[in-house]
Amino acid sequence: MLHVDLDQFIAAVEVLRRPELAGLPVVVGGRGDPTERGVVSTASYEARAFGLRSGMPLRTAARKCPEAVFLAVDKAAYDAASARVMDVLRSFDVPVEVLGWDEAFLAVPADEHGDPAIPAERIRAAVLAGTGLHCSVGIGDNKLQAKIATDFGKPRGVYRISSATWFEEIGGRPTEALWGIGRKTAQRLAELGLHTVADLAGADTRMLADRLGPTMGPWYRRLGRGVDSSPVDATPYVARGHGRETTFQQDLADWDLVADAVRDLAAQVGRDLAAEGRAAVRVGLKVRYAPFETRSRSRTLPVPTTEADDLAAAALDLLAGLDRSRSVRLVGVRAEMAPPGPPAT
DNA sequence: TCTGGGGTCCTAGGACCC
DNA sequence: TCTGGGGTCCTAGGACCC
C-alpha cells in the first residue's frame, strides 16, 4: 500500500508558473491580501521556517513574516494541476483512491515487487517528470500506516511503516498524530490518562466504548494499534452535497444585506448542482454571529428540486427563524443531493 | 491564532409509527 | 390506557480532514 502526498502542493503550483518566486516565503490564502479576513491555505517551506502554518490567520502570518509573498487562492489552477497528478498516478495501472487535491492511495501490493521502495521511487520520479511537482510517498501494510509514513518522508522522500515497526515508529507520539484524532479527541483521551499512541493501543476496549461511544471508542483503539482494514476505493467520487459560504470583511448588522448574500450563495449552489445534473433533497443554512458563534438550520424539501429559486426560498425561510438583532460574520448555504442514478418512475 | 471554505461522518434527542 | 419497545426519519451540533 502506498500513499502519495504532494509537497506544499498549492504553493508549489504557484511557484511552477512564477519561477521567480522559487526560494521565497510564499503564502497562498484568501484573496491574497494579508490585511483581510482569511487564513493561510498553504505556506511554502521557506515561509514555514518563520512559523507560518496552514489555517493561520493571514494577518498573523503577515505579522510573523512581513516579507512573505501573499497570493490569492486560484482553485481552477489547483484543479488542473491535481488532474495532471492523478493522471500520472493512474498510469501505474493499480487502483487509485483520490483524497482531495493532492493525496492518493495506490493499492500496490507490499511484496509483489520485493522492495516496495522501488515502485515508490518510480512514482515520485514520474510525478516530477509529468507535472514538475515534488511529492513524498509513504509505504504501509494498510492505508493508515502508509498515510502516517508519508509525513516521515517529507519532503521529497519515501518512508515505510509496517505492523512490525509501528510501535517503535510512533508508539511514543501523541495520539493526535493519528489520522482521525484531532485536538478535541486527544484532549478527551488525555483526560482518561491516554497520552501516546501506545497508551491508546493498550487501553481497555469496553472502557473506550463507554467513554467515547460504541463505534468511535473501539475504532480509536484500532487506530492506536495501527490496524486498518479499509480497502482502496477507486470508484469515482460522487459528492453528497454542495455548499457555499462567505465570511464578510466586516460583520453585517443589516439583515437585508445578509438576505442578499443568501440569495447569491443559493444561486451559486444552484449552478453547482446544475453542473452535475443533480437535484437537492435538503437545504441547510449556516449563520455565524459575531464574534464567532455558529448556528445551523436545515430542512428536507417536500419534493426534490433543481431550481435555484427553490433553494433560495428555502434558505431565506430558514434565515427568518434566526435572531435578527445580532451582527453576522458568516453566512452559508448548502444542499444535499439524492444519490445519482436513473430517475425514479 | 480574532479564527476560510469545501467537504464527510457520528451522535443524540424527539417525532412518529407499529 | 399513566404507558412498552423497536425502527426510522428529521434536525442540530460537533469533530475531523484537506
Side-chain angles (χ1 to χ4, degrees), chain A residues 3 5-6 8-10 27-43 51-64 72-75 78-79 82 97-104 143-144 147-148 150-151 175-189 209 211-220 223 230 233 237-251 265 268-269 272 281-302 318 321-322 329-337:
Chain A
H3 176 255
D5 192 330
L6 278 288
Q8 49 173 7
F9 174 67
I10 290 173
V27 174
V28 183
R31 296 192 290 196
D33 180 346
T35 68
E36 286 191 351
R37 284 179 170 174
V39 301
V40 175
S41 288
T42 299
L52 273 50
R53 294 289 179 271
S54 297
M56 177 179 281
L58 291 176
R59 288 169 183 162
T60 307
R63 205 180 326 122
K64 282 177 172 273
V73 171
D74 181 357
K75 181 177 177 298
Y78 316 139
D79 282 339
S82 176
E97 177 176 345
V98 176
L99 278 92
W101 270 330
D102 69 334
E103 291 185 35
K143 287 160 69 173
L144 171 65
K147 165 91 177 162
I148 291 172
T150 307
D151 280 335
T175 55
E176 219 179 321
L178 294 168
W179 187 36
I181 296 186
R183 197 165 47 86
K184 300 281 189 176
T185 302
Q187 208 172 316
R188 290 179 73 186
L189 292 170
R211 301 301 192 94
L212 299 165
T215 302
M216 301 306 284
W219 180 65
Y220 292 136
L223 288 183
S230 66
D233 179 1
Y237 172 73
V238 177
R240 304 276 166 97
H242 285 301
R244 294 292 185 124
E245 62 185 61
T246 185
T247 293
F248 302 115
Q249 285 303 318
Q250 255 88 43
D251 300 334
L265 293 164
Q268 290 181 54
V269 171
D272 293 339
V281 297
R282 188 177 172 79
V283 173
L285 177 80
K286 176 158 125 183
V287 168
R288 180 122 72 207
Y289 296 119
F292 202 82
E293 203 183 316
T294 308
R295 292 283 179 276
S296 64
R297 295 288 181 270
S298 64
R299 169 184 302 168
T300 300
L301 296 169
L318 293 167
L322 293 171
R329 176 187 176 92
L330 166 150
V331 67
V333 174
R334 87 173 266 107
E336 283 163 39
M337 291 98 76

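Quick note: numbers below take in every heavy atom, side chains included, and nothing from hydrogens, waters or symmetry partners. In what follows, chains carry the letters A, B, and so on, assigned in the order in which the sequence lines appear, proteins first and then strands, with residues in each chain numbered from 1.
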Colleague: Do side-chain atoms of A/Arg244 reach the backbone of A/Gly332 as a donor and acceptor pair under 3.5 angstrom?
Modeller: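 No; judged by distance alone, with no hydrogens or angles, the pair does not exist.
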Colleague: For A/Ile181, answer base if it contacts any base atom (sugar-phosphate contacts may also be present), sugar-phosphate if it contacts only those atoms, and nothing otherwise; contact means non-hydrogen atoms under 4.0 Å.
Modeller: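 Sugar-phosphate contact only - A/Ile181 comes under 4.0 Å of backbone atoms but never of a base.
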Colleague: Assess whether side chain to side chain contact (heavy atoms under 4.5 Å, CB included) is satisfied between A/Arg329 and A/Phe292, documenting all intermediate values.
Modeller: CA-CA 7 Å; A/Arg329 176 187 176 92; A/Phe292 202 82; 3.7 Å; yes
Colleague: May I ask you to verify if any side-chain N or O of A/Thr300 is less than 4.0 angstrom from the OP1 or OP2 atom of C/dT11?
Modeller: yes
Colleague: Can you figure out which of C/dC18, C/dG13, B/dG6 approaches the side chain of A/Arg297 most closely?
Modeller: C/dG13
Colleague: Is the closest side-chain heavy-atom distance between A/Leu301 and A/Val283 below 4.5 Å?
Modeller: yes
Colleague: For C/dG4 versus B/dA15, give the span between their P atoms, rounded off to a whole number of Å.
Modeller: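 Result for the P pair: 16 Å, nearest Å.
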Colleague: Measure the distance from CD1 on A/Ile10 to C1' on C/dC17 and round it to the nearest whole Å.
Modeller: 14 Å
Colleague: Are OP1 or OP2 of B/dT3 and a side-chain N or O of A/Arg329 less than 4.0 angstrom apart?
Modeller: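 Yes, within the criterion.
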Colleague: Please tell me if A/Trp179 has a side-chain N or O lying less than 4.0 Å from either OP1 or OP2 of C/dC18.
Modeller: yes
Colleague: Let me see the working for A/Thr300 and A/Arg282 under side-chain hydrogen bond (donor to acceptor under 3.5 Å, both in side chains), right down to the final yes or no.
Modeller: CA-CA 4 Å; A/Thr300 300; A/Arg282 188 177 172 79; 2.7 Å; yes
Colleague: Just N and O in the side chain of A/Arg334: are any of them under 4.0 Å from OP1 or OP2 of B/dT8?
Modeller: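 True: A/Arg334 side-chain N/O within range (under 4.0 Å) of B/dT8 OP1/OP2.
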Colleague: Rounded to whole angstroms, how far apart are CZ on A/Arg63 and C1' on B/dT1?
Modeller: 8 Å
Colleague: Tell me which nucleotide among C/dG13, B/dC10, B/dG4 gets nearest to the side chain of A/Arg295.
Modeller: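 Side chain of A/Arg295 sits closest to C/dG13.
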Colleague: Round to the nearest Å and state the distance from A/Gln249 atom CD to B/dG4 atom P.
Modeller: 10 Å
Colleague: Quick one: is A/Thr185 getting a side-chain N or O under 4.0 Å of the C/dC16 phosphate, OP1 or OP2?
Modeller: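 Yes, because at least one side-chain N or O of A/Thr185 sits under 4.0 Å from OP1 or OP2 of C/dC16.
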Colleague: Between A/Tyr78 and A/Phe9, what is the ring plane arrangement, given parallel below 30°, perpendicular above 60°, and tilted in between?
Modeller: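 A/Tyr78 vs A/Phe9 ring planes: perpendicular.
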Colleague: Kindly point out which of B/dG6, B/dT8, C/dC16 is positioned nearest to the side chain of A/Lys184?
Modeller: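 Among B/dG6, B/dT8, C/dC16, the one nearest the side chain of A/Lys184 is C/dC16.
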Colleague: Has A/Thr247 got a side-chain N or O lying under 4.0 Å from the OP1 or OP2 atom of B/dT3?
Modeller: no
Colleague: With a 4.0 Å cutoff (strictly under), does any side-chain N or O of A/Arg240 reach OP1 or OP2 of B/dC9?
Modeller: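 So the side chain of A/Arg240 is within the cut-off, an N or O lying under 4.0 Å from OP1 or OP2 of B/dC9.
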Colleague: Would you kindly compare A/Thr215 and A/Gly38 by the position of their nearest DNA chain B nucleotide and give the one closer to the 5′ end?
Modeller: A/Gly38
Colleague: Is any side-chain nitrogen or oxygen of A/Thr60 closer than 4.0 Å to OP1 or OP2 of B/dC2?
Modeller: yes
Colleague: Rounded to the nearest Å, what distance is computed from the CE atom of residue A/Met337 to the P atom of nucleotide B/dG6?
Modeller: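 About 14 Å, once rounded to whole Å.
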Colleague: Would you say a side-chain N or O of A/Arg37 is under 4.0 Å from OP1 or OP2 of B/dT1?
Modeller: no
Colleague: Please classify the nucleic acid contact of A/Gly182 as base, sugar-phosphate, or nothing, using heavy-atom distances under 4.0 Å.
Modeller: sugar-phosphate
Colleague: Reckon A/Tyr237 has a side-chain N or O less than 4.0 Å from the OP1 or OP2 of B/dT8?
Modeller: yes
Colleague: Is A/Gly29 touching bases, backbone alone, or none of the nucleic acid, heavy atoms closer than 4.0 Å?
Modeller: nothing
Colleague: With a 4.0 Å limit, can you tell me whether A/Ser298 has a side-chain N or O closer than that to the phosphate oxygens OP1/OP2 of C/dT11?
Modeller: no
Colleague: Tell me: NZ of A/Lys75 to P of B/dG4, nearest whole Å?
Modeller: 19 Å
Colleague: For A/Trp101 and C/dC18, say yes or no: do the ring centres fall under 5.5 Å of each other while the ring planes differ by less than 30°?
Modeller: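 No, A/Trp101 does not stack on the base of C/dC18.
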Colleague: Just by distance, do the side chain of A/Glu176 and the backbone of A/Ile181 share a donor-acceptor pair under 3.5 Å?
Modeller: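 Side chain of A/Glu176 to backbone of A/Ile181: no pair is present.
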Colleague: Please answer whether the main-chain N or O of A/Ser41 pairs with a side-chain N or O of A/Ser54 as donor and acceptor at a distance below 3.5 Å.
Modeller: yes
Colleague: Taking Watson-Crick and G-U wobble pairs with both distances under 3.5 Å, convert DNA chain B into its dot-bracket string, 5' to 3', dots for unpaired and | for cross-strand pairs.
Modeller: ....||||||||||||||
Colleague: Rounding to a whole Å, what distance do you find between A/Arg59:CZ and B/dT3:C1'?
Modeller: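 Distance, rounded to whole Å: 10 Å.
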Colleague: Heavy atoms from C-beta onward define the side chain here; which of B/dG4, C/dT11, B/dG6 lies closest to that of A/Arg282?
Modeller: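 Ranking B/dG4, C/dT11, B/dG6 by closest atom to the A/Arg282 side chain puts C/dT11 first.
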Colleague: According to a strict under-4.0 Å criterion, is A/His242 in side-chain N/O contact with OP1 or OP2 of B/dG6?
Modeller: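 Answer is no, no contact under 4.0 Å.
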Colleague: Map A/Met216 and A/Thr246 onto DNA chain B by nearest heavy atom, then report which one ends up closer to the 5' terminus.
Modeller: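 Per heavy-atom nearest nucleotide, the more 5' residue is A/Thr246.
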Colleague: Distance check: side-chain N/O of A/Arg288 vs OP1/OP2 of B/dT3, anything under 4.0 Å?
Modeller: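 For A/Arg288, the contact criterion (side-chain N or O under 4.0 Å from OP1 or OP2 of B/dT3) is not met.
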Colleague: Can a salt bridge be assigned to the pair A/Arg334 and A/Glu245 using a cut-off of 4.0 Å between side-chain N and carboxylate O?
Modeller: no
Colleague: Roughly, in whole Å, what's the span from CZ in A/Arg31 to P in B/dG4?
Modeller: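 So the two atoms are 14 Å apart, to the nearest Å.
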Colleague: The side chain of A/Arg244 is closest to which nucleotide in this list: B/dT1, B/dG6, B/dT8?
Modeller: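 Output: B/dG6.
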Colleague: Using whole Å, report how far CG of A/Leu265 lies from P of B/dG4.
Modeller: 15 Å
Colleague: Please answer whether the main-chain N or O of A/Trp101 pairs with a side-chain N or O of A/Ser82 as donor and acceptor at a distance below 3.5 Å.
Modeller: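 Yes: the side chain of A/Ser82 pairs with the backbone of A/Trp101.
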Colleague: Output yes when A/Arg59 and A/Glu36 qualify as a salt bridge under the 4.0 Å nitrogen-oxygen rule, no when they do not.
Modeller: no
